[in-house]
Amino acid sequence: MNVLVITGSNRKHATSTRLAEYAAQLIREKGHDAVLFNLYETPLPFYAPDEKMEDNTHVAELKSRMLEAKAVILATPEYHGSISGVLKNALDHLGQSYFSGKPVLSISSSGGAVGVSSLLQLQAIVRNLHGINAPEWISIGGSQRRRFEATYDGYEEYEGSSDIEERVQRVVGSFLQLAQALNPDQKP
Ligand SMILES: Cc1cc2nc3c(=O)[nH]c(=O)nc-3n(C[C@H](O)[C@H](O)[C@H](O)COP(=O)(O)O)c2cc1C
């Protein structure tokens with residue numbers, strides 16, 4: 001199964017992006033394809049309803065990746081209790097035809113304990129795009145972000161580090177079960 005992971009930060013070493021990369025790694029370990037679309041590395045122009053943007057290679061790539069995907073993960077930093085501007089802009093480029101009937105997992109990183117506001121808003125957008133929200137979501141916040149910072153070396157022990165990994169593994173596993181139930185013809 002082909003899973004598209006859109007990372008919604010405009011920051012090079014974003015913890016939300018590294019969290020999404022970890023989710024993609026878990027998906028690949030289960031035998032599925034996980035493709036990353038990084039909005040920092042592949043910036044999109046501002047969506048403008050009056051302009052045709054078919055010639056923009058980044059917009060064309062996003063649309064083509066979305067059409068190929070059977071399931072989608074959306075990652076965002078929590079900004080002012082909401083999702084990032086670059087992720088909202090990316091979703092504005094897409095319509096219901098790209099999301100309809102596809103399972104979508106929302107994940108976030110926040111300065112506070114958890115980024116529930118951004119996740120709630122992301123799920124509302126997914127509903128309007130006719131995607132199928134996964135019943136669970138993932139948010140890391142506060143010191144939990146350490147596990148996904150660029151300077152984390154994989155050996156450092158700190159309170160809760162294994163809990164976070166187990167939580168991400170469990171939620172990604174249940175997301176894949178939902179995606180497979182919706183796509184019974186897709187094999188790992
Ligand atoms: C413009 C801006 C707005 C923010 N708003 C919030 C917020 O409302 N609530 C919160 O908990 N953290 C907020 N933060 C902190 C970020 O959510 C936090 O640094 C997060 O880890 C960023 O994710 P990233 O590592 O993927 O960039 C904000 C940060 C910025 C730059």
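Numbering of ligands and ligand atoms starts at 1, following listing order.
Residue pairs that meet the ring pair (Phe, Tyr, Trp, His ring centres under 6.0 Å) test with at least one member in residues 43-99, sequence neighbours left out, are Tyr47-His93.
A salt bridge links Arg65 to Glu61: at least one charged side-chain nitrogen sits closer than 4.0 Å to a carboxylate oxygen. A salt bridge between Asp163 and Arg167 is absent, with no side-chain N of the basic residue lying under 4.0 Å from a carboxylate O of the acidic one.
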Between the protein and ligand 1, which nitrogen or oxygen pairs come in under 3.5 Å, and how far apart is each?
unit_1	atom_1	unit_2	atom_2	d
ligand 1	5 (N)	Glu78	O	3.4
ligand 1	5 (N)	His80	N	2.8
ligand 1	8 (O)	His80	N	3.2
ligand 1	8 (O)	Gly81	N	2.9
ligand 1	11 (O)	Gly111	N	3.3
ligand 1	11 (O)	Gly112	N	2.8
ligand 1	12 (N)	Gly111	N	3.2
ligand 1	14 (N)	Glu78	O	3.3
ligand 1	17 (O)	Glu78	O	2.6
ligand 1	17 (O)	Gly111	N	3.3
ligand 1	19 (O)	Arg145	NH1	3.1
ligand 1	21 (O)	Ser109	OG	2.9
ligand 1	21 (O)	Arg145	NH1	2.9
ligand 1	25 (O)	Arg11	NH2	2.7
ligand 1	25 (O)	Thr15	N	2.8
ligand 1	25 (O)	Thr15	OG1	2.6
ligand 1	26 (O)	Thr15	N	3.4
ligand 1	26 (O)	Ser16	N	2.9
ligand 1	26 (O)	Ser16	OG	2.5
ligand 1	27 (O)	Arg11	NE	2.9

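For His32, there are no ring pair (Phe, Tyr, Trp, His ring centres under 6.0 Å) partners, not counting sequence neighbours. For Tyr40, there are no ring pair (Phe, Tyr, Trp, His ring centres under 6.0 Å) partners, not counting sequence neighbours.
In this structure, the separation between CD1 on Ile73 and CD1 on Ile27 is 3.5 Å, given to the nearest 0.5 Å.
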